[in-house]
Protein chains: 2
Amino acid sequence: MTRILDVRQKILKQNDETARAMRARFHDAGTFVCDLVSSPGAGKTELLTYTMRELRERGMTCAAVVGDLATNNDAERLATSGAPAKQILTGTMCHLEADMVAESIRGWDLSTLDALFIENVGNLVCPATWDLGADKRILLFPVTEGEDKPLKYPTLINTADLVIINKLDLAEAVGFDRELAIHNVERVRPDVPVLELSVRNNAGLEAWMNWVVHHVAADVPVAPAEASSF
Amino acid sequence: MTRILDVRQKILKQNDETARAMRARFHDAGTFVCDLVSSPGAGKTELLTYTMRELRERGMTCAAVVGDLATNNDAERLATSGAPAKQILTGTMCHLEADMVAESIRGWDLSTLDALFIENVGNLVCPATWDLGADKRILLFPVTEGEDKPLKYPTLINTADLVIINKLDLAEAVGFDRELAIHNVERVRPDVPVLELSVRNNAGLEAWMNWVVHHVAADVPVAPAEASSF
């Protein structure tokens with residue numbers, strides 16, 4: 001058991017180094033990068049497709065990469081926004097790693113991208129320990145999963161910079177207790193910002209887009225002379 | 001990378017051996033054992049609580065163990081059925097392993113149990129490769145996750161003996177296409193039985209209880225002289 005932990009530590013360290021290099025590269029290019037994590041079917045693709053379409057309408061450039069064990073479904077859905085989207089097929093792997101993202105965006109000129117979205121494999125456990133070099137990690141909880149998920153999956157929420165309570169349109173149908181859910185988020189991760197959204201009901205989207213645009217605007221590229229190569 | 005695969009193979013092999021011994025022990029005791037897997041919040045605990053209450057009302061004995069990273073919430077909910085329920089806390093671990101189940105049921109007299117339910121950690125990827133010694137693995141897809149999840153998470157569905165499409169009560173609210181969902185299940189795993197359920201709307205529960213009771217009845221204990229110790 002010690003041996004597998006040692007090997008795992010080495011691989012995690014390697015991942016952290018790749019992620020650090022990617023973060024520097026994103027920063028130099030002025031590309032704001034988000035990593036979206038959640039259970040399967042929490043609405044990541046729907047929210048990202050909406051978001052990229054909105055950003056494009058506001059004159060901003062963006063792209064997405066998305067991880068799944070199988071199928072190109074999500075990349076195809078994301079591409080309906082008009083923005084480039086690439087599928088990463090993980091086979092049996094339960095999370096994305098930094099080098100998979102690096103490989104996926106090879107050939108993309110980051111300096112032309114205001115924002116890059118990384119949609120992780122649907123999994124509320126394993127992505128926690130894998131840094132992808134993103135500026136922000138966004139964790140989605142749909143109301144359909146119940147109010148106690150923040151308490152039951154603390155490791156991932158502890159790495160999140162923003163929590164989205166998603167699928168508000170179904171809150172009434174499932175008897176969702178929003179105060180309890182927010183209380184549970186705050187018990188695990190006090191002071192993390194929480195947004196409540198529904199793309200279908202057009203609820204909370206202005207606050208969400210303000211959050212995105214604020215961070216995109218803050219991420220200005222550095223002068224070319226300082227740019228690092230990758 | 002070869003090294004971590006070697007170590008992983010060794011641990012998986014060890015798990016398979018423990019699972020095999022447990023399966024023999026369950027068989028000798030005449031205990032029918034189910035492993036329930038799904039994403040977080042798919043309704044495993046709700047269905048199991050209902051099922052154990054029903055079995056008890058029919059004069060059958062049952063118990064459950066349930067895995068979560070944190071909280072005893074699910075064991076407490078399961079215990080409201082009147083049946084014994086034990087929580088397994090996995091910390092950061094994304095799945096149950098056979099020795100965790102063995103440790104959890106230590107001290108239980110299996111010969112007094114007609115059925116044992118193992119509720120796995122909510123995760124649609126990682127439990128796939130970990131045999132827990134159960135007779136049957138049941139995979140739940142709630143309608144709220146969308147119709148394409150069988151295609152996107154083929155590894156787990158390939159280990160399932162029964163697929164349950166759950167939360168039928170929300171099918172209309174989310175615009176669920178049941179024919180497409182069943183078609184997608186069959187594309188990955190032809191001939192696997194599929195049940196459509198809602199505990200809240202009391203839909204499909206008779207077929208489900210028939211399935212359970214049929215398997216419980218088929219699992220009769222062997223004569224004491226043949227029973228193996230564990």
Side-chain angles (χ1 to χ4, degrees), chain A residues 1-8 10-11 14 38-43 45-46 67-74 77 89-95 121-129 141-156 167 169-170 172-175 184 188 200, chain B residues 1-8 10-11 14 38-43 45-46 67-74 77 89-95 121-129 141-156 167 169-170 172-175 184 188 200:
Chain A
M1 207 58 180
T2 315
R3 205 168 138 217
I4 201 167
L5 286 179
D6 284 352
V7 180
R8 193 178 142 81
K10 205 174 281 179
I11 291 176
Q14 210 166 51
S38 77
S39 303
T45 311
E46 186 173 55
D68 273 300
L69 276 70
T71 85
N72 293 318
N73 292 4
D74 284 2
R77 287 173 64 198
L89 291 180
T90 66
T92 58
M93 205 181 260
C94 52
H95 60 272
V121 176
N123 186 326
L124 218 43
V125 186
C126 312
T129 40
F141 287 118
V143 299
T144 46
E145 286 175 15
E147 299 85 357
D148 66 346
K149 292 306 164 292
L151 302 179
K152 290 173 69 181
Y153 297 87
T155 52
L156 194 57
K167 303 196 186 180
D169 51 298
L170 296 170
E172 203 180 316
V174 298
N184 286 341
V188 181
R200 296 195 183 182
Chain B
M1 206 56 176
T2 315
R3 206 170 137 215
I4 202 168
L5 285 180
D6 286 351
V7 180
R8 193 178 141 81
K10 204 173 282 178
I11 291 176
Q14 209 165 53
S38 77
S39 303
T45 311
E46 186 173 54
D68 273 301
L69 277 68
T71 85
N72 293 318
N73 291 6
D74 283 2
R77 286 173 65 199
L89 291 180
T90 67
T92 58
M93 205 181 260
C94 51
H95 60 273
V121 176
N123 186 324
L124 218 42
V125 187
C126 312
T129 40
F141 288 118
V143 299
T144 47
E145 286 175 15
E147 299 85 358
D148 67 346
K149 293 305 164 293
L151 303 178
K152 290 172 70 181
Y153 297 87
T155 52
L156 194 57
K167 302 195 186 181
D169 51 298
L170 296 171
E172 203 180 315
V174 299
N184 287 341
V188 182
R200 297 197 183 180

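All chains are named by letter (A, B, ...) in the order of the sequence lines, taking the proteins before the strands, and each is independently numbered beginning at 1.
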Under a 4.5 Å heavy-atom cutoff, which of B:Thr155, B:Leu170, B:Thr144 has the most pairs with chain A?
-> B:Thr144
Kindly write out the residues that satisfy salt bridge (Lys or Arg N to Asp or Glu O under 4.0 Å) with A:Asp74, not counting sequence neighbours, or none if the list is empty.
-> A:Arg77, B:Lys152
Cut-off 4.5 Å, heavy atoms of chain B, and the answer for A:Leu151 is both
Mind ranking B:Gly122, B:Gly91, B:Pro142 by heavy-atom pairs under 4.5 Å with chain A and telling me who comes out on top?
-> B:Gly122
What distance separates B:Glu145 CD from A:Glu145 CD, expressed to the nearest 0.5 Å?
-> 7.0 Å
With a 4.5 Å heavy-atom cut-off, do A:Asn123 and B:Asn123 have their side chains touching?
-> yes
Under a 4.5 Å heavy-atom cutoff, which of A:Thr92, A:Leu89, A:Leu156, A:Asp68 has the most pairs with chain B?
-> A:Asp68
Determine the minimum heavy-atom distance between B:Cys94 and A:Val125, stating which atoms define it.
-> CB-CG1, 3.6 Å
Side chains of B:Asp148 and A:Thr71 in contact at under 4.5 Å (non-hydrogen atoms) | no
Do A:Cys126 and B:Cys126 come close enough that some side-chain heavy atom pair is under 4.5 Å?
-> yes
Contact leader toward chain B among A:Gly41, A:Ala70, A:Pro40, A:Pro154, where contacts are heavy-atom pairs under 4.5 Å = A:Pro40
